[in-house]
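Quantities reported herein were computed from a predicted structural model and do not represent experimental measurements.
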Amino acid sequence: MKTIYALAVITFKEGIRNRALFGVAFLALFLFGLNITVAGFFMRDIGKVTVDMNLSAISFAGLLLVFFVGVNLMGKDIDRKTIQLVLSKPLSRGQYVWGKYLGILFFVSVSLLLLLAFSTSTVLLVKLLYANYFIGFSFWLFWVAGFFVLLKLWVLSAIMIFFSSLTSNSLLALIFTLSSYVVGVSIEEVVYYLQTELAGQERMISDSLVSFVHVVSYFLPNLAVFDFTVEAAHGLPLSLERLILSFGYGVVYAVILLLLASFVFTRREFN
Amino acid sequence: MIEVEVRDVAKTYNPGLFKKNVRAVNGLSFKVNGGEVFGLIGPNGAGKSTTIRMVMGLVRPDVGRILFRGKELSGTSFRREIGYLPENPYLYDHLTLEELLFFAGRTSGMEKKEIRLRAEELVERLCLTDVHARPLRTFSKGMLQRAGICFALLHDPSTLILDEPMSGLDPVGRKMVFDLVMELKRQGKTIFFCSHILNDVERLCDRIGLLNKGCLVREFSRNELLQINDGLLFLETRILELVEIEQIEQLGGRVREFEGGHLVAIPTEEYFSLNRYFEQSGIPVKGGRSEWLSLEDLFVEIVQEQAR
């Protein structure tokens, strides 16, 4: 555990000192500022738009962190052969995978918590300015939605680690992770669409394709389950069951991917 | 005791689709004894780095066995005894040397205080004290190489595996690393390294293996290399006629081509008779040399022979 922690710490430091982080932070701050400036244009929907914009900004900034900083934290090790130096120490390949993941997890979590703190201040400010339009709004819901954005990024980081364990090229790992994200956020809608009668009326879809999508949907990440933006924006009640299921799904999916990544990594060679 | 043993190892790489496989190492066998310095030399692409990576368990051999202290490489505990420096080490850009060494110590099971003391000692020894708190991305190539050596030595391993340890170092840095390796040798550490700087290999190694096209073509000890030059004087002359060469050989000398002329090896007891012959035949002596065959000469000779 000491070994995993030591690797996680240097991964975290390597990530948090990356200059790209400043760019992402500025972009997020710009979006929060923009929110304050334009909030007044939306009349009765100010509360909903504010929550929606803030959560979207957090999610977007988080995605940039995973895609541009996170990918390099493991990919560069393999690309630049730093891994040869790291694995020369009494550290198993499985420990390497878990250590890297934990480091990325710390990095993403700390960055997102900071963004969430800024975002909370933004929402608070807008709420003070337009108190009448925040009926039904609850900070608890807002933070829950923010936490599930973080959980989505944890799962995405596990996907990125998995692809980094398969390829020596960090660009390929980035492309695969990005594709998984795009598929992940839309797969639920695709499956739902194929299940409705509307699909058959609009276009002929072969049964084999429907079956294929159905099977594949079990393997692909369903990132839509982590989206609580609508509930937070409209102040809708959240069922504990859905929260537990989404949390459990995310954790189990990430753990399975990391176990697979460890398995693949143990068999890899580092020329 | 045998520290590292490589037995009939072969390794082929697949460079990618539609490309021919590359055989990097082919039936390689050698042993590194405890407390000795073993150097692996060879031209580019000879398979030196692949061999070292196989010994470190980073690459698996297709066939053959690699043993560390008589046991197969398995698990991670054997790495506690090994310090490894890869060729041109790439270190983490945003970390400081202090943090990197702390990581090296923690992963090797050292305590915080022990790490601090050892790191201070090594950093001072390799003249990195002024920069130890600076991010590694600001280090020069030579400084990174020395930082890599600190990383390898931090847990005080009994065996050192170094891939081109002198690469990228300026003369001062080279001397620093050379002295350090000599000190480690005196401490009884086992050192296995490969290098292109034959002068250093010649001075440091107890035994040398010459690798070419993935095969060990020659293995010799430092003493064998010294014996080639033992009890002889070496004189450089102009190009000699065949008759002159025969006469010199009859008088006990040896002749070989050397830099546009000939080099004559003269046993010390035959010096006067051969000197007299040079005078009588009007053969001018252009200069003297300290050795008949340097490691570099031997290296070039063997590699060229293999190419034919």
Going from [atom1] on [X] to [atom2] on [Y], what distance comes out if it is rounded to the nearest 0.5 angstrom?
X	Y	atom1	atom2	answer
A:K13	B:F103	NZ	CZ	12.0 Å
A:S88	B:L58	OG	CG	8.0 Å
A:L85	B:L100	CG	CG	7.0 Å
A:F270	B:R60	CZ	CZ	9.0 Å

Requested in this report: Verify the neighbour count for atom OH of A:Y253: are there more than 12 heavy atoms of other residues, nucleotides or ligands below 6.0 Å?
Outcome: yes

Do [X] side-chain atoms and [Y] backbone N/O form a donor-acceptor pair below 3.5 Å?
X	Y	value
A:E14	B:H94	yes
B:R79	A:L91	yes
B:E99	A:I10	no

For residues 30-44 of chain B against chain A, heavy atoms under 4.5 Å, the residues are none

Under a 4.5 Å heavy-atom criterion, the part of residues 147-156 of chain B in contact with chain A comprises B:F151, B:A152, B:H155

Less than 4.0 Å between a side-chain N and a carboxylate O, is that true for A:R19 and B:D93? no

Honestly, the part of B:R53 sitting under 4.5 Å from a heavy atom of chain A is side chain

So, the part of B:F102 with a heavy atom under 4.5 Å from chain A: the answer is neither

If one checks every heavy atom of A:R93 against chain B at 4.5 Å, the contacting part turns out to be side chain

- Between A:D77 and B:Y90, a side-chain donor and acceptor under 3.5 Å: no

